[in-house]
Amino acid sequence: MEINEALDIISSKISQINGLPAGQIAMEDSLIKTLKLDSIELIEFLISLEEQGLFLQEEQINADLTVGDLVKLCC
């Protein structure tokens, strides 16, 4: 998967969950600190990633996890 494709997929999923326009989501945005995903939104987002075949280890999920980190895992 290419970087832009991964960013589009991840941004779209975040947008569906918290309503933020996908075009405003950047690689450096933290899921928790910047995009303000709450615990329920984060779980919903992670489940949607798992449905796409992207599984994160528990230790990878923290307040510093960025969109860019997820894009790197996809590529």
Handout entry: Connected hydrophobic set around I47, excluding itself, where side chains approach under 4.5 Å
Key = I43
Exercise for the section: Sequence neighbours left out, what pairs pass side-chain hydrogen bond (donor to acceptor under 3.5 Å, both in side chains) with at least one residue falling in residues 22-41? Expected result: K33-D64
Completion exercise
Heavy-atom closest pair (M1 atom, C75 atom, distance to 0.1 Å) is O-SG, 3.3 Å
Handout entry: Any pair counted as side-chain hydrogen bond (donor to acceptor under 3.5 Å, both in side chains), so long as it reaches residues 48-62, sequence neighbours left out
Key = none
Practice task
Would you give the length of the straight line joining atom NZ of K13 to atom CG of N18, rounded to the nearest 0.5 angstrom?
Solution key: 13.5 Å
Exercise for the section: Quick one: name the residues clustered hydrophobically with L42, using the 4.5 Å side-chain heavy-atom rule over I, L, V, M, F, W, Y, and just say none if it's on its own. Expected result: I3, L7, I10, I14, I17, L20, I25, M27, L31, I32, L35, L37, F45, L46, L49, L54, L56, I61, L65, V67, L70, V71, L73
Fill in the blank from the handout: Contacts satisfying side-chain hydrogen bond (donor to acceptor under 3.5 Å, both in side chains) that involve residues 65-75 (not counting sequence neighbours) are T66-D69
